[in-house]
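Below is one structure, written out as structure tokens, with a few remarks after it.
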Amino acid sequence: MSIDETTRRVTDTDEPVNPLAHLSDETIAELAKEFDAIHDEVYSSLGEKDRKYITSVIAAQRQLLVAGRVLLLGSTSKPAWLAGTACLGIAKILENMEIGHNVMHGQWDWMNDPEIHSSVWDWDTASTANSWKHSHNYVHHTYTNIRGKDKDLGYEIMRIDPRQKWSPVYLAQPFYNVLLMAFFEWGVALHDLDIEAIRRGEKPVKDLVEDLKGIGVKARKQFVKDYVGWPLISAGAFALAQLASGGRVPESKRSRLASKLRSSTRFGKNRRTAALLDSRLSGVESTFLSTVAANFTANIIRNVWSNAIIFCGHFPDQAYTFSQEEVENETRGGWYVRQLVGAANIDGGPVFHLMSGNLSYQVEHHLYPDMPSTRYSDVAPKIKDICERYELPYNTGPFFQQWGMVQRTIARLAFPGGKVRPKPGPYRPEESWRRKFAEGATKDSEAAKTRGRVPAGHPAAGPEHNSGGVDVQPPPRGDD
């Protein structure tokens, strides 16, 4: 049964009526063509301006990263610690959100750049590139908000839809939600393992072992880099500065290690060792520990921010979820509408959109996951125009409104019961956006010329391309 046939029967229950219920099959087919036309119009215009954008963002992110590391060489100074931690936190957010997430979606594969390509890019987070691309690009973006199919719907550990069966374990979800915020990258990495598939025997043990090895490699790299390597460099820099200045660099008078030795039964009488540590190593030790704390804080900042943006885009009250029966034999137009109403945007300015990886345009991202993120703001008025003309909702709201609804849902659905929250009606803008999307021919852009050619050895990427099983798979064009 198609989504269109099923939702037209839902009238006398507590279930919200699917937005497609008022549309005919012919109208849904036209809707698909309009959404396709927006995608094609953007891809026919991609070129040097877009290339400069992503290369500039990558360059700025790396400069912020260097600035943070340099500032943390003096991490015992509170101003330097705060500035260094802020730079490092912002750099990690940019690398995770606007660069890593979007590059691995194949948004920049059209450039044919052998370095900025979904098949070779990896990011500074716990998830391995291959596991994430499968669980996110393919599973989540293909089966968005289909209960029992989309494993990102509550990440298999949270009840965020009242139609999910309640279990006593959900009573703890408001508490482990806080842990998930702080250590989000590790939660996502474990989620990507797909434990349920392993339990059902659908995923071979050898694949699990391979995934665990990959996470172990990522964990080791992050630990060595953030909690050993850079702290040692900072401590060494302090020692050199102290030596060069003849001991004039301010430092703490007591070593923490010396204090431990003094309180130890075995070493408590070794005053000379403790005194030596106090006089020679207290500054080095403080610098090392301050840098460790800064790196840990920067990772927490990145995790909390990415968790907030992602949850706000997927779990506020406005987002619809679907049963598997509703989407059986789904058409391309139905797939587009499911993406449209299963996500929610976050209002904000240019800096906010940049720091969110443009996932504040979550609606546009779900409609066009392979479209360069910087173009979402361009197509948003056209999506609103479609929503107005076809009487469909366009979900958006301020950050704290969206975040507050998500937290309320997590707290309420920790307990049995619960009802589906009211859904928004058709989009009603203050100003109509009237545009024609497919008039006339456009010249082939750089993207149109090169999208079919990728660097040697690189699999193709994007929702309409075969990319080794990590691509989005909407229904084909012309099936409506």
Side-chain angles (χ1 to χ4, degrees), residues 85-86 88-102 104-105 123-128 131-132 135-137 139-141 144-145 150-161 170 172-193 215 218-219 222 226 295-319 342-348 352-362 365-366 373 395 397-414:
T85 302
L88 196 56
I90 294 171
K92 284 177 177 286
I93 287 172
L94 284 174
E95 194 274 339
N96 193 179
M97 305 293 282
E98 179 68 337
I99 302 172
H101 173 276
N102 295 334
M104 291 199 299
H105 254 298
W123 52 357
D124 179 29
T125 188
S127 294
T128 62
S131 293
W132 182 84
S135 67
H136 182 80
N137 291 7
V139 177
H140 173 56
H141 277 275
T144 304
N145 282 23
D150 182 4
K151 299 182 184 302
D152 282 15
L153 196 61
Y155 292 93
E156 298 182 304
I157 60 171
M158 288 187 180
R159 184 172 180 252
I160 54 86
D161 188 288
Y170 292 129
Q173 74 179 25
F175 304 101
Y176 59 71
N177 177 47
V178 176
L179 290 176
L180 183 61
M181 291 180 192
F183 302 101
F184 190 56
E185 61 176 313
W186 303 103
V188 171
L190 293 175
H191 166 71
D192 291 344
L193 293 176
I215 293 174
K218 299 296 289 287
Q222 186 174 116
D226 285 344
N295 291 341
F296 179 79
T297 302
N299 283 326
I300 297 296
I301 289 171
R302 183 264 311 279
N303 290 338
V304 170
W305 178 254
S306 59
N307 173 276
I309 295 297
I310 291 167
F311 275 40
C312 284
H314 292 89
F315 306 144
D317 294 349
Q318 306 118 317
N345 285 1
I346 314 169
D347 300 336
F352 178 81
H353 294 314
L354 172 67
M355 294 302 293
S356 74
N358 279 287
L359 294 180
S360 43
Y361 288 104
Q362 191 70 234
H365 174 60
H366 267 270
S373 58
N395 300 332
F399 173 80
F400 286 108
Q401 171 189 297
Q402 307 294 65
W403 190 82
M405 285 191 287
V406 172
Q407 303 311 311
R408 179 182 63 191
T409 294
I410 290 172
R412 169 62 188 91
L413 296 184

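The first residue of the sequence shown is numbered 1, and numbering continues consecutively from there. Any value given below was found using the heavy atoms of this structure, including those in side chains, with hydrogens, waters and symmetry copies removed.
Taking 4.5 Å as the limit, every side-chain heavy atom of His136 sits out of range of all side-chain heavy atoms of Asp192. A heavy-atom distance below 4.5 Å is found between the side chains of Trp123 and Lys218. At least one side-chain heavy atom of Thr144 sits less than 4.5 Å from a side-chain heavy atom of His366. Here the side chains of Ile410 and Ile160 are in contact, with some heavy-atom distance below 4.5 Å. Side-chain contact between Ser373 and Glu98 is present, with at least one heavy-atom pair separated by less than 4.5 Å. When side chains are defined from C-beta on, Met97 does not count as touching Arg302, because their heavy atoms never get closer than 4.5 Å.
Using modelled atom types, no side-chain atom of Lys92 and backbone atom of Thr125 make a donor-acceptor pair closer than 3.5 Å. In this structure, Asn303 contributes its side chain and Asn299 its backbone to a donor-acceptor pair below 3.5 Å. Panel note: side chain Glu156, backbone Lys151; no donor-acceptor pair is recorded below 3.5 Å.
For Ala86, there are no side chain to side chain contact (heavy atoms under 4.5 Å, CB included) partners at least two apart in sequence or on another chain. The ring-ring contact (aromatic ring centres under 6.0 Å, His included) check on Phe311 picks up Tyr155, Phe315, with sequence neighbours excluded. Applying the ring-ring contact (aromatic ring centres under 6.0 Å, His included) test to His353 and every residue at least two apart in sequence or in another chain returns Tyr361.
Of all heavy-atom pairs between Val188 and Ser127, the closest is CG1-OG, 3.4 Å. Across Asn145 and Gly342, no two heavy atoms sit closer than the pair ND2-O, 3.0 Å. Taking each heavy atom of Gly187 and Leu180 in turn, the nearest pair found is CA-CD1, 4.0 Å. Closest approach of Ile309 and Phe352 over heavy atoms only: CD1-CZ, 4.0 Å.
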* Walk me through it: do Leu94 and Leu354 pass the test side-chain contact (heavy atoms from CB on, under 4.5 Å)? => CA-CA 8 Å; Leu94 284 174; Leu354 172 67; 3.9 Å; yes

* In sequence, state the C-alpha distance, the side-chain angles, and the governing distance for Asn395 and Gln362, and then conclude on side-chain hydrogen bond (donor to acceptor under 3.5 Å, both in side chains). => CA-CA 9 Å; Asn395 300 332; Gln362 191 70 234; over 6 Å; no

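Side-chain contact annotation: Asn137 with His105, donor-acceptor N/O pair under 3.5 Å present. Side-chain contact, Gln401 with Asp347: no donor N or O sits under 3.5 Å from an acceptor N or O.
If you take CD1 on Ile90 and CD1 on Ile301, they are separated by 8.5 Å, rounding to the nearest 0.5 Å. The distance from atom CG of Asp150 to atom NE2 of His141, rounded to the nearest 0.5 Å, is 9.5 Å. Distance check, rounded to the nearest 0.5 Å: CG of Leu190 to OG of Ser131 gives 11.0 Å. The structure places NE2 of His314 at 12.5 Å from CD of Gln402, a figure rounded to the nearest 0.5 Å. Expressed to the nearest 0.5 Å, how far CG of Asp124 lies from CD of Gln222 amounts to 5.5 Å. Distance check: Asp317 CG to Thr409 OG1 gives 5.0 Å after rounding to the nearest 0.5 Å.
Between His191 and His140, the ring centre distance reaches or exceeds 6.0 Å. Ring centroids of His101 and Trp132 are separated by less than 6.0 Å, placing the two rings close together.
When the options Ile300, Asn96, Ile93 are evaluated for a side chain to side chain contact (heavy atoms under 4.5 Å, CB included) with Trp305, the one that passes is Ile93.
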